[in-house]
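Along the sequence shown, the residues carry numbers beginning at 1.
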Amino acid sequence: MSVWILGGYQTDFARNWCRDDREFGDLTESVTAGTLEDAGVDAADIGVIHVGNAFGQLFTRQGQLGGMPATVMPEFWEVPATRHEAACASGGVALLAAMADIESGRYDSALVLGLELERTVSGDDAAGHLGAAAWIGHEGEDARFMWPYMFSALADEYDRRYGLADAHLHAIAELNFRNARANPNAQTRGWTFTDASFTDDDTANPIVEGRVRRTDCSQITDGAAGVVLVGERFLARSKAPKTPAARIQGWGHRTVGLPLAQKLARSAAEPYVLPHVRNTVLDAFARAGIPGVDALDGIETHDCFTMSEYAAIDHFGITGPGESWKAVENGDLEIGGRIPVNPSGGLIGGGHPVGATGVRMVLDAARQVTGRAGAYQIEGARRFGTLNIGGSTTTTVSFVVGNEY
């Protein structure tokens, strides 16, 4: 059974909701109202709700977020709802659960929300909370910042196997910040940089951990994204949507162990550093019935750090294993290039409210293939891929979204 994206909404990722004296209820109400309006449906049309949220209790002490939509919008009273947690892939698994509900015939429509408030604590405390997605007590014990440490280790592994120039990582950062300027919801759209911001200059671009520097990192972000998913029975009995609908053509989902070292040890004899990520992407391609990455018109991928995007480049198949630098150097990733990556600005430029990221990616993909991406629209886009990861790629979710029915 096909699953369609009727519409969706993203909050302004530059907004600091805590500074505005707002909380999860306000964030939920805002994104829900915007999502329903864009999809052209009412609350009564929603059969089930799935909420992606990773760290609600740590940043705000608020759990049980499946109950938040009914709390702020009484129209959802008694509508079944569930919260999903898979670190930075929480939004991705919420989407998968909603799809399964529709494909099984249990429900004909679903509201999927990704919610996260992270700017409630200091930067150091935020980094500590986010570190809960690693194997606590078993890895990164000497790190000040867990995830910069982990993705620096991934960069070192690439360097050991294939060679890696930090200049290529800095070029990814520069591209994503540049793309974000055209995105009206991007957290960094108004930020300014110098050429030195994307170099090894210790003043303009200081080291955070290992070889990871400031502009190699995604942002601490408040924000939410939502989409309405529907099945064929919903479309058959309702009037046509007011905008062209996108369809989820394929998906992949794989989960492995928590430790990064365990992942790297298991892949030591493999051509790909993270073969489970490659297999997740291939699953999405196979379910979509496409031969490979060149059937896509663009990608929204998980650039929590420049290294995660560097790894995504070869794992998507844009280059051979260990050759991501070629796509960086030759302009393949640029808007107008062979396969634009993160035209929205991604996580580095756009912002990374953890539980919302997977939903935001699919929303951006749907906007691209229906010609609604605005100033960062890829001309003629008909099919987009996404890659959403949690932890050190412990949970990996990939989608193919298209307008070819």
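More than 12 heavy atoms of other residues, nucleotides or ligands lie within 6.0 Å of CH2 in Trp191, so this atom counts as buried by the packing criterion. Crowding of Asp124 atom CG: a count of heavy atoms from other residues, nucleotides or ligands under 6.0 Å exceeding 12. Within a 6.0 Å radius of CG in Asp20, other residues, nucleotides and ligands contribute more than 12 heavy atoms.
Between Arg367 and Asp38, no side-chain nitrogen of the basic residue sits less than 4.0 Å from a carboxylate oxygen of the acidic one, so the salt-bridge criterion is not met. Using a 4.0 Å cut-off between charged side-chain N and carboxylate O, Arg160 and Asp156 make no salt bridge. The pair Arg22-Asp222 does not meet the salt-bridge criterion, since no charged nitrogen lies less than 4.0 angstrom from a carboxylate oxygen. Between Arg213 and Asp166, none of the side-chain N atoms (NZ, or NE/NH1/NH2) sits under 4.0 Å from a carboxylate O, so this pair counts as no salt bridge.
Looking at every heavy atom in both residues, Thr319 comes nearest to Ser324 through OG1-N, 3.3 Å. Counting all heavy atoms, side chain and backbone alike, Ala225 lies closest to Val359 at O-CG1, 3.6 Å. Taking every heavy atom of both residues into account, Leu95 and Phe399 meet most closely at CB-CZ, 3.8 Å. Between Gly349 and Ala186, the shortest heavy-atom contact is O-CB, 3.8 Å. What you find for Glu300 and Ser344 is that their closest heavy atoms are OE1-OG, 2.8 Å. Looking at every heavy atom in both residues, Ala381 comes nearest to Asn403 through O-ND2, 4.1 Å.
Counting only heavy atoms from C-beta outward, the side chains of Phe145 and Val212 never approach each other to under 4.5 Å. Proximity of Phe59 to Leu130: side-chain heavy atoms (C-beta onward) are separated by under 4.5 Å at one or more points. A 4.5 Å side-chain heavy-atom check between Leu169 and Leu164 finds at least one atom pair inside the cut-off. Between Leu274 and Arg278 the shortest side-chain heavy-atom distance does not fall below 4.5 Å. Considering only heavy atoms from C-beta on, Met307 comes within 4.5 Å of Tyr158 through its side chain. Side-chain contact check for Glu139 versus Pro259: some heavy-atom pair is nearer than 4.5 Å. Using a 4.5 Å heavy-atom cutoff, the side chains of Val369 and Arg247 are not in contact. By the 4.5 Å heavy-atom criterion applied to side chains, Val273 and Leu264 are counted as neighbours.
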- Query: Please walk me through it: do Leu387 and Ser398 pass side chain to side chain contact (heavy atoms under 4.5 Å, CB included)?
  - Reply: CA-CA 4 Å; Leu387 180 64; Ser398 180; 4.2 Å; yes
- Task: Decide side chain to side chain donor-acceptor pair (under 3.5 Å) for Asp314 and Tyr162; before the verdict, give the C-alpha distance in whole Å, the side-chain angles of both, and the deciding distance to 0.1 Å.
- Result: CA-CA 12 Å; Asp314 64 354; Tyr162 310 113; 5.5 Å; no
- Message: Assess the residue pair Phe285 and Ile290 against the criterion (side chain to side chain contact (heavy atoms under 4.5 Å, CB included)); give the C-alpha distance rounded to whole Å, side-chain angles, the decisive distance to 0.1 Å, and a yes or no.
- Response: CA-CA 5 Å; Phe285 288 172; Ile290 61 174; 3.6 Å; yes
- Starting from the C-alpha separation in whole Å, work towards a yes-or-no answer on side chain to side chain contact (heavy atoms under 4.5 Å, CB included) for Asp303 and Ile172. CA-CA 9 Å; Asp303 58 318; Ile172 288 172; 5.5 Å; no
- Message: Evaluate Ser267 against Arg161 for side chain to side chain donor-acceptor pair (under 3.5 Å), listing each step before the verdict.
- Response: CA-CA 11 Å; Ser267 73; Arg161 295 192 192 188; 2.8 Å; yes
- Report the C-alpha separation of Val208 and Cys217 in whole Å, then their side-chain angles, then the decisive distance to 0.1 Å, and conclude whether the side chain to side chain contact (heavy atoms under 4.5 Å, CB included) test is met. CA-CA 9 Å; Val208 176; Cys217 304; 4.1 Å; yes
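Shown here are the ring pair (Phe, Tyr, Trp, His ring centres under 6.0 Å) partners of Phe193, two or more places apart in sequence or in another chain: Phe177, Phe198. Here Phe316 pairs with nothing under the ring pair (Phe, Tyr, Trp, His ring centres under 6.0 Å) rule; sequence neighbours left out.
Among residue pairs with one or both ends in residues 23-32, none qualify as side-chain hydrogen bond (donor to acceptor under 3.5 Å, both in side chains); sequence neighbours excluded. Here ring pair (Phe, Tyr, Trp, His ring centres under 6.0 Å) pairs that include residues 26-45, with residues two or more places apart or in two chains, number zero. Applying the salt bridge (Lys or Arg N to Asp or Glu O under 4.0 Å) test to every pair with at least one member in residues 335-353, sequence neighbours left out, gives these pairs: Asp294-Arg338, Asp332-Arg338. Among residue pairs with one or both ends in residues 57-68, those qualifying as side-chain hydrogen bond (donor to acceptor under 3.5 Å, both in side chains) are Gln57-Arg83; sequence neighbours excluded.
Thr306 pairs with exactly one of Asp216, Asn176, Thr215 by the side-chain hydrogen bond (donor to acceptor under 3.5 Å, both in side chains) rule, that one being Asp216. The only member of Thr386, Asn342, Val293 that meets side-chain contact (heavy atoms from CB on, under 4.5 Å) when paired with Ile299 is Val293. Evaluated for a side-chain contact (heavy atoms from CB on, under 4.5 Å) with His352, the options His302, Glu118, Gln187, Glu116 yield exactly one hit, His302.
In this structure, CZ on Arg237 lies 8.0 Å from CG on Asp45, to the nearest 0.5 angstrom. Distance check, rounded to the nearest 0.5 Å: CG of Asp101 to OH of Tyr107 gives 6.0 Å. How far CG of Asn53 is from NE2 of His84: 11.5 Å, rounded to the nearest 0.5 Å. Considering OH of Tyr149 and CG of Leu154, their distance stands at 13.0 Å, rounded to 0.5 Å. In this structure, Asn16 CG and Thr221 OG1 are separated by 10.5 Å, a value rounded to the nearest 0.5 Å.
In this structure, the side chain of Thr301 does not engage the main chain of Glu309 through any donor-acceptor pair within 3.5 Å. Put simply, the side chain of Gln368 never gets that close to the backbone of Asp364: no donor and acceptor are under 3.5 Å apart.
Classified by interplanar angle (parallel below 30°, tilted 30° to 60°, perpendicular above 60°), the ring pair Trp147/Phe151 is tilted.
Side-chain atoms of Lys263 and Thr393 form no donor-acceptor pair, as typed in the model, at a separation below 3.5 Å.
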